[in-house]
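Have a look at the structure below, then the notes.
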Amino acid sequence: MYDFIIVGAGSAGCSIAHFLQRSGKRVAIVDREGIAGGASGVAGAFLSPLPGGKNSYNTFVNEALNFSMNFYEELTPDFINKKGVLRVANDNFSKEKLENNEIDYNYFNAEKLQKMSNDFQGIDGYFYKDAAVIEPLSICNKMVEGCDFYKKDLQELVYKNSFYEIDDIKAKNIILTQGVSKSLAYLPYINISAIFGLRIDVKTTTNIPFNIHKSISISTNKNDGTVAIGATHERHNSSQIECITTCDKCIFYVNTDKQQIDSLLTKANELINLENLEVVKTYKGARATISSYFPVVGKIVDYESSLKKYPSIKNGTKISQDSLVYYPNLYMINALGSRGFVFGPYLAKILSEYIINETPIPKEISTQKLFYKAARKEKSQL
Ligand SMILES: Cc1cc2nc3c(=O)[nH]c(=O)nc-3n(C[C@H](O)[C@H](O)[C@H](O)COP(=O)(O)OP(=O)(O)OC[C@H]3O[C@@H](n4cnc5c(N)ncnc54)[C@H](O)[C@@H]3O)c2cc1C
């Protein structure tokens with residue numbers, strides 16, 4: 001008997017398991033693959049600030065980054081490498097955007113970079129010191145130390161006599177942290193799409209003083225002697241393609257592995273010359289994302305029962321969150337996008353404080369925001 005069963009042992013699941021266990025709850029974590037067997041085991045895993053003029057999204061990302069970097073360092077300094085990131089301007093992030101910031105940075109011209117390493121390819125950029133690269137598998141394992149783990153592929157949720165039952169284990173509460181997999185709850189108001197990607201680990205004799213990011217990221221030399229380079233972005237239409245296998249076996253990639261690896265290496269070499277290069281490992285996975293790019297956190301609204309109870313919500317009538325119908329003791333964290341390890345601990349803090357102290361969840365990441373939006377859209381489609 002547990003207080004919580006977490007379904008999905010990625011960044012989201014391991015983070016919430018950690019925070020709840022730290023608060024004295026009995027927690028089990030269930031995954032069909034293992035710890036960090038989904039997107040989380042694939043991630044680079046770069047933690048970088050989001051520069052640019054202040055808006056609600058980059059404020060949220062940068063708060064999450066500060067929180068999560070401190071969290072990882074306190075959890076285990078062995079698996080975080082905080083050497084900062086050099087951002088090189090590109091079409092999405094012009095020089096103006098990289099300069100117009102609330103975040104501290106230093107501009108490094110080509111001459112200065114060449115002095116640091118002859119291997120820099122005549123680039124210039126903006127150095128942000130609060131950035132890191134982590135070891136995702138080791139971090140996830142560390143976060144769930146002390147939690148029971150069950151390797152199971154869940155097909156449905158069974159709720160009986162005020163408990164969820166999963167074979168021979170039971171819990172009062174369930175938290176779904178399933179990434180791109182089909183949700184065990186009916187969520188017609190949350191449209192998650194999968195952005196597939198490939199990243200590589202390479203060996204090189206080049207000294208890389210810090211992480212570098214343009215349209216791809218190159219890590220500094222990590223403790224195990226490798227350098228992470230990632231990642232490609234490939235969209236599949238997930239409403240047409242139901243995942244039937246894990247990403248490493250997926251046949252729906254538009255570009256072959258070789259094309260994706262070549263494109264990563266070409267882009268990496270435009271930034272820094274990688275001497276004696278050898279690709280040692282390829283990783284493939286899918287990021288879960290929604291159109292706003294914000295993640296989603298909270299209690300799961302029962303869409304149909306809520307609309308049946310308050311059909312006027314479709315016309316815009318304001319019904320308070322507390323009055324909606326929810327599945328019993330069922331919560332979620334999802335849509336972490338390309339920033340799974342920036343968001344994971346921060347969202348876990350937010351959800352655990354909501355569960356334990358009823359601290360409200362910020363509106364922009366709440367399940368209710370998406371519920372109201374979808375309900376009102378139904379009216380416009382009638
Ligand atoms: C190529 C690539 C590079 C990336 N690089 C970075 C990066 O540099 N920095 C960064 O912060 N983020 C990065 N990301 C994003 C990051 O990996 C994800 O946002 C994050 O891992 C999502 O975590 P999650 O826990 O939501 O999902 P996942 O890690 O996918 O975990 C979900 C888990 O749920 C399990 N599951 C689902 N349904 C069931 C079920 N019914 N029964 C049992 N188990 C189930 C799955 O097996 C899976 O293990 C990258 C992603 C990709 C694909």
Side-chain angles (χ1 to χ4, degrees), residues 5-17 28-50 61 64-65 68-69 72 85 131-137 139-140 143-144 149-157 166-167 174-185 192 194-201 211 213 216-219 228-236 243 245-248 250 253 260 264 282-290 293 295-297 332-348:
I5 292 177
I6 318 291
V7 183
S11 168
C14 295
S15 300
I16 188 65
I29 188 154
V30 174
D31 199 297
R32 64 164 81 98
E33 299 291 336
I35 306 291
S40 300
V42 171
F46 299 92
L47 311 178
S48 305
L50 186 55
V61 169
L65 177 75
S68 298
M69 290 233 312
Y72 294 130
V85 64
V133 59
I134 60 164
E135 294 303 327
L137 179 60
I139 293 261
C140 285
M143 287 195 287
V144 294
F149 175 78
Y150 297 88
K151 188 162 176 168
K152 288 178 189 292
D153 186 0
L154 299 195
Q155 301 303 321
E156 58 173 349
L157 292 178
I166 294 177
D167 301 333
I174 296 268
I175 303 183
L176 299 179
T177 51
Q178 294 182 258
V180 291
S181 297
K182 187 167 186 261
S183 178
L184 291 168
I192 290 196
I195 303 178
F196 292 73
L198 177 148
R199 77 138 184 114
I200 49 178
D201 275 343
N211 302 323
H213 180 84
I216 54 126
S217 298
I218 309 170
S219 78
I229 303 180
T232 60
H233 290 77
E234 304 236 346
R235 256 183 203 277
H236 293 193
C243 289
T245 181
T246 51
C247 296
D248 51 332
C250 176
Y253 285 86
Q260 294 189 65
L264 288 177
T282 302
Y283 304 79
K284 292 199 279 186
R287 312 151 179 96
T289 178
I290 61 168
Y293 294 111
V296 187
V297 178
M332 68 180 290
I333 304 180
N334 209 334
L336 276 58
S338 295
R339 296 178 183 271
F341 284 90
V342 174
F343 287 148
Y346 189 57
L347 300 177

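When a ligand or atom number is given, it counts from 1 through the structure's own listing order.
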Mark yes or no for whether [X], through its side chain, and [Y], through its backbone, hold a donor-acceptor pair below 3.5 Å.
X	Y	result
Tyr283	Gly230	no
Ser40	Ser11	yes
Asp31	Lys151	no

Only counting residues at least two apart or in another chain, list the ones meeting side chain to side chain contact (heavy atoms under 4.5 Å, CB included) with Ala348. Ser15, Ile16, Phe19
Enumerate, one pair per line, all nitrogen or oxygen atoms of ligand 1 lying under 3.5 Å from a protein nitrogen or oxygen, stating the separation to 0.1 Å; write 'none' if no such pair exists.
residue, atom, partner, partner atom, Å
ligand 1, 5 (N), Gly44, N, 3.3
ligand 1, 8 (O), Phe46, N, 2.8
ligand 1, 9 (N), Phe46, N, 3.4
ligand 1, 9 (N), Phe46, O, 2.9
ligand 1, 11 (O), Gly340, N, 3.2
ligand 1, 11 (O), Phe341, N, 2.9
ligand 1, 12 (N), Ser338, O, 3.0
ligand 1, 12 (N), Gly340, N, 3.2
ligand 1, 17 (O), Ala39, O, 3.2
ligand 1, 19 (O), Gly337, O, 2.7
ligand 1, 19 (O), Gly340, N, 3.3
ligand 1, 21 (O), Ser40, N, 3.1
ligand 1, 21 (O), Ser40, OG, 2.6
ligand 1, 23 (O), Ser40, OG, 3.2
ligand 1, 25 (O), Ser11, N, 3.2
ligand 1, 25 (O), Ala12, N, 3.0
ligand 1, 29 (O), Ala39, N, 3.4
ligand 1, 29 (O), Ser40, N, 2.9
ligand 1, 29 (O), Ser40, OG, 2.5
ligand 1, 30 (O), Ala39, N, 3.0
ligand 1, 38 (N), Arg32, NH2, 3.4
ligand 1, 38 (N), Gln178, NE2, 3.0
ligand 1, 41 (N), Leu154, O, 2.9
ligand 1, 42 (N), Leu154, N, 3.0
ligand 1, 44 (N), Arg32, N, 3.0
ligand 1, 47 (O), Asp31, OD1, 2.7
ligand 1, 49 (O), Asp31, OD1, 3.2
ligand 1, 49 (O), Asp31, OD2, 2.6
ligand 1, 49 (O), Gly38, N, 3.3

Would you call Asp201 and Arg199 a salt bridge, taking side-chain N to carboxylate O under 4.0 Å as the test? yes
Rounding to 0.5 Å, atoms OG1 (Thr177) and CG (Leu347) come to a distance of 11.5 Å
